[in-house]
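These numbers come from a predicted model, not from an experiment. When a ligand or atom number is given, it counts from 1 through the structure's own listing order.
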Amino acid sequence: MADALRIVGGTVYDPINGIDGDIRDICIENGKIVDTVKEDAKQLDASGMVVMPGGVDMHCHIAGSKVNLARKFQPEDHRGDVHPSTRYTRSGTGGVVPSTFATGYRYATLGYTTAMEAAIPPLGARHVVEELNDTPIIDKGFYILLGNNVFLYQLLEQKRYDDLRQAVAWWLNASKAYTIKLVNPGSDEAWKGKKNQNVKDIDEKIHFFDITPREVIKALIDVANDLGLPHPAHIHCNNLGHSGNYRTTLETMKTADGRRVHITHIQFHSYGGEVGKNPTSAAKAISDYINTHPNISADVGQVMFGKSTIMTGDAPLAWMLRNVTGGHTKWINADTECESGCGILPFSYQQHIYTHALQWAVGLELFLLADDPWRMVLSTDHPNGGSFMNYPRLIRLLMDYEFRKEQAALANQKAIDSTGLLDLKREYTMQEIAIITRAGPARLLGLADKGHLGVGADADITIYDDKADQETMFSAARYVIKDGHLFISDHEFCADHEGRILHVAPQYDAAIEGAIKPFFSDYYTIQFNNYPVDEHYIHNHQIIPTSASA
Ligand SMILES: [Zn+2]
């Protein structure tokens, strides 16, 4: 049980509770924010510093088989960036895809206390849980890939909507996941079944089935809403990276028909232009739609110049990128025994390349055109658009127009000039940064106890030195508190901590197992009874209630 603590005199940014840079005390006891503590409670002097809720990353890739493959085939990345142990913390390796321990510690150093792994085939859930158990300090959860699930396709084809809902609820329970993820829905059958092909339009028929990607998208958006999941269906749209793909993105958003949906790394889905030609920016069209449709939320998936690693359930995309790099890069396709596609390759975004500079500018445009920062939150789709360690620099790009202009001047001018980036003089305020990095993602995830500092919230708190250079300021928190425990003090680790796995447990009719079992016997490489992840396997966890079961 954590001691009581009073954080005194800090400048507090707590957007959910309408606190915008006010100087006030924050009291914590037993891991939660409380109204007040006893006079003789310990004090932490935060005067002259900025106090915020712990950061929440709603879309990153930090655990599971694809992350491990990416680690394995970039040994040079780890050799060059050893993460040493301290008296309190374990060692690890860094690079763009850090090891489990380093991942937890590095997020914490930036002031993040929650991160969600965004793409897991349910068959790999047990491995993910093992790795997340070994990712210290932060709370975490994961989304399961269901947009290419053959059993669900069969139910949909037979119009068995109620069974579909029961089956999805069963899958979420069996894997201990947080929500439903769709990646390039319909593409696996074209990729695996028709040999290296892809879906081009969400209204074409899925190979082998009498359904379309749009029907899959619609059905899973409905299921997530009907089950009352705290976070809706989380969608990586079709045609990622292709010129002209903003039309697919708009059609996907329209398919929600007013129901809640989250479109992820939307930067990669906001390109104009013609197929096969250079992309242009369609950030304005995408922003206009989102600004006027409150049922839609998105994270940006900002591209940052430098090294990244592509790791995706979108196998045809990884194949395309492997080919644009001339086929000289390492590349893995690992989607056998996997209820998804999968492709991985090391990548590097370079300022002088037209497409990369355009992607960088489109991401920034999406941030700067967002009327409602609560629904356009920060991500780099770590490590796809770049490591999460780039967040401090990204924050400075949003807060500092002159810096943005300087950086734009170093990039491909044909690309920059083709966008509206330099006309956007908006500078994010500290409050808006608090929204896109913690309050907004927490709200979109339906995490009522996170992203704010009101009474009853988890005592996940970050205190930054108030510096004029925001990149320096957000690179290393002065103090970080998780569940009421102080574990970074004066920029140094002073303790270790084990975070929780956050998952949902929607109710379902057990009769659905009678339909799923024979499918396992016929197609799976694992027995039905060995598939579900038992509760005892996730030793430290928290069930986030669905609105149907709350
Ligand atoms: Zn992703």
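Taking the six-membered ring where the residue is Trp, Phe347 and Tyr349 present perpendicular rings, their angle passing 60° and hence far from 30°. Ring-plane geometry between His59 and His61 is classed as perpendicular, the angle between the planes exceeding 60 degrees on a 0 to 90 degree scale with a lower cut at 30. The aromatic rings of His503 and His541 lie parallel to each other, with less than 30° between the two planes, well short of the 60° mark.
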Exercise for review: Given ring pair (Phe, Tyr, Trp, His ring centres under 6.0 Å), test Tyr531 with Tyr524 step by step and report yes or no.
Suggested key: CA-CA 10 Å; Tyr531 187 79; Tyr524 268 74; 5.6 Å; yes
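Applying the salt bridge (charged side-chain N to carboxylate O under 4.0 Å, His left out) test to pairs two or more places apart or on separate chains, those with a residue in residues 374-392 are Asp372-Arg375.
Protein N, O or S atom count below 2.8 Å of the Zn ion (ligand 1): the structure gives 3.
Remark: of the listed residues Leu445, Ile544, Leu502, Thr179, Ile544 is the sole one forming a side-chain contact (heavy atoms from CB on, under 4.5 Å) with Pro230.
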